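Below is one structure, written out as structure tokens, with a few remarks after it.
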Amino acid sequence: MLRFVTSNPGKVREAREYLPEPVERVAYDYPEIQSEDLGAIAAAGARDAFEEVGEPVFVDDAGLFIDAFDGFPGPYSSYVEDRLGIERVRTLASREDDDAASFRAVVAYADDDTVETFEGAVPGRIVAPCGDGGFGYDPIFEHRGRTFAEMSTEEKNAVSHRGRALSKFADWLAERNDGSRSDG
Ligand code: ITT
């Protein structure tokens, strides 16, 4: 069983669909360090959450990077979603010539001897809101002709930043399990 420390039920839904082991959500609001680097934020969060929970855990730090805004909101995506809302982000972005953006996610796992990070990114563009699936910025993020909010969880996971990060995490877990089986 894997413990996912997050306040975001959308992330849990995606991780449960993707990972081979059962995922339990742990509600602990770990303090996020201020950094431009999602990997550093996720690693520090995982370490802190492991110390608090006392069991192996993973966290996921994600953000929307808008090219015309030099990557903003990036690590501040949660704050910007709360304060402006995704429709205003889309309105601001629509005034720019370039609509390119990317989503990035870093999954970080911590236990008593390691902190490992797994990154994923996906390119797309900012569009008028469309679709009612997903969460967060999904309705305004289009990838290959459809927004993430128009995709099922499975379809989103197959191409998304989180799916890519979870895929690396799953491979690492599988290798580690194989290693411990052959050790024992
Ligand atoms: P945690 O408790 O796991 O930190 P959070 O929702 O605060 O949950 P983040 O800081 O990683 O998570 O998220 C940054 C913002 O990006 C937040 O507004 C999310 O709604 C949004 N976001 C993250 N992943 C997303 C995705 O796959 N699709 C759309 N929006 C996403």
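Quick caveat: nothing in here was measured; it's all calculated off a predicted structure.
Tracing side-chain contacts under 4.5 Å through hydrophobic residues (I, L, V, M, F, W, Y), one reaches Phe72 starting from Phe141; they form part of the same cluster. At a threshold of 4.5 Å between side-chain heavy atoms, the hydrophobic network of Ile, Leu, Val, Met, Phe, Trp and Tyr places Phe118 and Val106 in two separate groups. Tracing side-chain contacts under 4.5 Å through hydrophobic residues (I, L, V, M, F, W, Y), one reaches Val107 starting from Val12; they form part of the same cluster.
Counting only residues at least two apart or in different chains, ring pair (Phe, Tyr, Trp, His ring centres under 6.0 Å) contacts with residues 77-98 are absent. Among residues at least two apart or in separate chains, salt bridge (Lys or Arg N to Asp or Glu O under 4.0 Å) pairs with a member in residues 5-17 are Lys11-Asp60, Glu14-Lys156, Glu14-Arg162.
Heavy-atom minimum distance, Asp138 versus Gly133: CB-O, 4.4 Å. Closest of all the heavy-atom pairs between Gly63 and Ser77 is CA-OG, 3.4 Å. Leu166 and Ala15 get closest at one heavy-atom pair: CD1-CA, 3.8 Å. Shortest non-hydrogen contact noted between Ala46 and Val57 is O-CG2, 3.7 Å. Heavy atoms only, all atoms of each residue included: Pro73 and Ile66 are closest at CD-CD1, 4.0 Å. The two atoms that bring Arg88 and Leu84 nearest to each other are CD-O, 3.3 Å, heavy atoms only.
Among the candidates Arg176, Arg47, Arg3, the single residue satisfying the salt bridge (charged side-chain N to carboxylate O under 4.0 Å, His left out) test with Asp111 is Arg176.
Val127 is not listed as a side-chain neighbour of Asp99, based on a closest heavy-atom distance of 4.5 Å or more. Ser160 has its side chain out of reach of Tyr18: every pair of non-hydrogen atoms, C-beta onward, lies at least 4.5 Å apart. Using a 4.5 Å heavy-atom threshold, the side chains of Asp112 and Phe50 count as touching. For the pair Leu173/Leu2, a side-chain contact is recorded, criterion being any heavy-atom separation below 4.5 Å from C-beta on. Annotation: side chain of Phe65 is not in contact with side chain of Pro123 (no heavy-atom distance under 4.5 Å). Between Phe148 and Val159 the shortest side-chain heavy-atom distance falls below 4.5 Å. For the pair Phe103/Leu64, a side-chain contact is recorded, criterion being any heavy-atom separation below 4.5 Å from C-beta on.
Looking at Glu150, its side chain does come within 3.5 Å of a backbone N or O of Thr147 through a donor-acceptor pair. In this structure, the side chain of Thr91 engages the main chain of Glu87 through a donor-acceptor pair within 3.5 Å.
The number of heavy-atom neighbours closer than 6.0 Å to CG of Asp82, taken from other residues, nucleotides and ligands shown, is above 12.
To the nearest 0.5 Å, atom CG of residue Asp67 and atom CG of residue Asp97 are 13.0 Å apart. A distance of 5.0 Å separates CZ of Phe69 from CG of Leu92, quoted to the nearest 0.5 Å. To the nearest 0.5 Å, atoms CH2 (Trp172) and OG1 (Thr117) are separated by 10.5 Å. From Asp98, atom CG reaches atom CZ of Arg125 across 10.5 Å, with rounding to the nearest 0.5 Å. Taken to the nearest 0.5 Å, the CZ atom of Arg146 stands 4.5 Å off from the CD atom of Glu155.
Ring geometry for Phe169 versus Tyr109: interplanar angle of 30 to 60°, hence tilted.
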Distance-only donor-acceptor hits, side chain of residues 23-43, under 3.5 Å, sequence neighbours excluded:
residue, atom, partner, partner atom, Å
Arg25, NE, Thr6, O, 3.2
Arg25, NH2, Ser7, O, 3.4
Tyr28, OH, Asp48, OD1, 2.6
Ser35, OG, Asp37, N, 2.9
Asp37, OD1, Gly39, N, 2.9

